[in-house]
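A, B, ... follow the sequence lines: proteins, then strands. Residue 1 opens every chain. FYI, side chains are in, hydrogens and waters are out, and symmetry mates aren't considered; it's all heavy atoms of this structure.
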Protein chains: 2
Amino acid sequence: MSPVRVLLADDEHLIRGALAALLALEDDLLVVAEAASGPEALAMARAHRPDVAVLDLQMPGADGVSVATSLRAELPGCRTMIVTSHGRPGHLKRALAAGVRAFAPKTVSAQRLAELIRTVHAGGRYVDPELAADAISAGDSPLTAREAEVLELAADGAPIAEIAERASLSQGTVRNYLSSAATKLGAENRHTAVRLARERGWV
Amino acid sequence: MSPVRVLLADDEHLIRGALAALLALEDDLLVVAEAASGPEALAMARAHRPDVAVLDLQMPGADGVSVATSLRAELPGCRTMIVTSHGRPGHLKRALAAGVRAFAPKTVSAQRLAELIRTVHAGGRYVDPELAADAISAGDSPLTAREAEVLELAADGAPIAEIAERASLSQGTVRNYLSSAATKLGAENRHTAVRLARERGWV
DNA sequence: CTGCTGCCCTGACAAATGTCATGGTCGGCG
DNA sequence: CGCCGACCATGACATTTGTCAGGGCAGCAG
């Protein structure tokens, strides 16, 4: 049986190289390409047509989820999986929506990762139980479209006036959305609201 | 010549294991211990007395710099080096002050890391050129002791009243420190000030 | 159609925050 | 000593922000 062709995408050279070396020890796995950024991962995938793409969530250029989305459209035969250091509930949700087959933290062992690659290649799915629990308990975003939009604009600490201008809204309206968003998230002010929304992956 | 005894500390199992495997390929390096947290790293170092400790900057329990500080006191013969994914100028400065011999991002190759371990063991030093440039251009923190302290308490978006209580200060005083800190950092409000200070590693 | 619910939007008011002028303390220096 | 500059600390005042009550507009059930 021919080996599983794997694409490895991670911006940390140290990890990528080490991982490639470890996976090379597995007879049934073959790392055919490596990439250090989102766009590069796409280009490599087009060129080498891997069976499974292992993507880091945070990469320069484009994050793992958007790469997965593009791959799904261009190479339907290529399964994708995400490996990340900071797993947030919202990311998991977005990833699954993008057709990602597995989602695991970087705290898993290489042995386990190899198993996951095989599982995914065979058509199976996997999500880290702890992350899954977080995602379920976090639930869906309670924020309305405008609330999320305004919260996003408030993310870098900009004053209300600037947010209002960029959103073409009255300052009072902006305050209201931020206030209701903060209430829904259980925050005392918009800044902690931003932080909480970030943690849950809702922005 | 006997091999260099190395301690590896990183909370991401995937990376730590892969790294250990790669370093094992080098004849003159021997990984004698691994740790997934700050306290564990200390315990392992006490038990195995490595020549060089390779520490991740962000670990549960205690970060790489504080581990390095403790190691310097307990095991003067053990050289320390830091490897990190997010290198901020202030961290580099703190690390050097703690007696760390090398500071590199995780984007270096394993080959390069092996060289660094040898360099450090031989008594040499190394800091990533790009990080060094950032640190120099960022300069020293312009914040006074109280300003930094108050800014830290404001980090999670707590209201002034809470900060004042936790710092045993008047609310007006707290406002003043935050205001002057924001001015020094070129921020419009305390929240962006916190963000900027974080980016520069000053909190 | 009518009433209801949910979302979007606004302005007025109250509370939190940022700015300013001021004073106290400490250490260095002529 | 007397002066100066840097840091710490405070309260009064103006600005910004959060809260509230309410109006307009869709979609939908009865």
TODO: Go through the steps for A:V127 and A:L96 under the test side-chain contact (heavy atoms from CB on, under 4.5 Å), then give the verdict.
DONE: CA-CA 9 Å; A:V127 301; A:L96 292 181; 4.2 Å; yes
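In this structure, A:R46 pairs ionically with A:E74, as a charged nitrogen and a carboxylate oxygen lie closer than 4.0 Å. A salt bridge is absent between A:R79 and A:D51: the closest approach of a Lys/Arg side-chain nitrogen to an acidic carboxylate oxygen does not fall below 4.0 angstrom.
Out of D:dC8, C:dC9, D:dA12, the shortest distance to the side chain of A:T173 is found at C:dC9. Here C:dC9 is the nucleotide among C:dC9, C:dG18, D:dT19 with the atom lying nearest to any side-chain atom of A:L169.
Between C:dT19 and B:R175, no contact under 4.0 Å exists linking OP1 or OP2 to a side-chain N or O. Contact annotation: A:S179 does not reach the phosphate of D:dC20 (side-chain N/O to OP1 or OP2, under 4.0 Å). Contact annotation: B:R146 reaches the phosphate of D:dA9 (side-chain N/O to OP1 or OP2, under 4.0 Å). For C:dC9, the OP1/OP2 oxygens have no side-chain nitrogen or oxygen of A:S170 closer than 4.0 Å.
Rounded to whole angstrom, the span from the CD1 atom of A:I160 across to the P atom of D:dT19 amounts to 11 Å. A:Q171 places its CD atom 12 Å from the C1' atom of C:dG11, with the value rounded to the nearest Å. Residue A:E147 contributes atom CD, which lies 11 Å from atom C1' of C:dG6 at whole-angstrom precision. In this structure, B:H191 places its NE2 atom 10 Å from C1' of D:dT17, rounding to the nearest Å. Rounding to whole angstrom units, CG of residue B:L178 and P of D:dT16 are separated by 18 Å. With rounding to whole Å, A:E162 atom CD is found 13 Å from D:dT16 atom P. Here the P atom of nucleotide C:dA16 and the CD1 atom of B:I163 are 13 Å apart, to the nearest Å. In this structure, the CZ atom of A:R190 is 12 Å from the P atom of D:dT16, given to the nearest Å.
In terms of polar N and O atoms assigned as donor or acceptor, the side chain of B:N176 comes within less than 3.5 Å of the base of C:dC20 in a complementary pairing.
For B:K184 and B:N189, each mapped to the nucleotide of DNA chain D holding its nearest heavy atom, the one lying further toward the 5' end belongs to B:K184.
For the pair B:R125 and B:F103, the cation does not sit on the ring face, since its NZ or CZ is not both under 6.0 Å from the ring centre and inside 45° of the axis.
The residue from A:R101, A:M81, A:R112 that alone fulfils the side-chain contact (heavy atoms from CB on, under 4.5 Å) condition with A:Y126 is A:R112.
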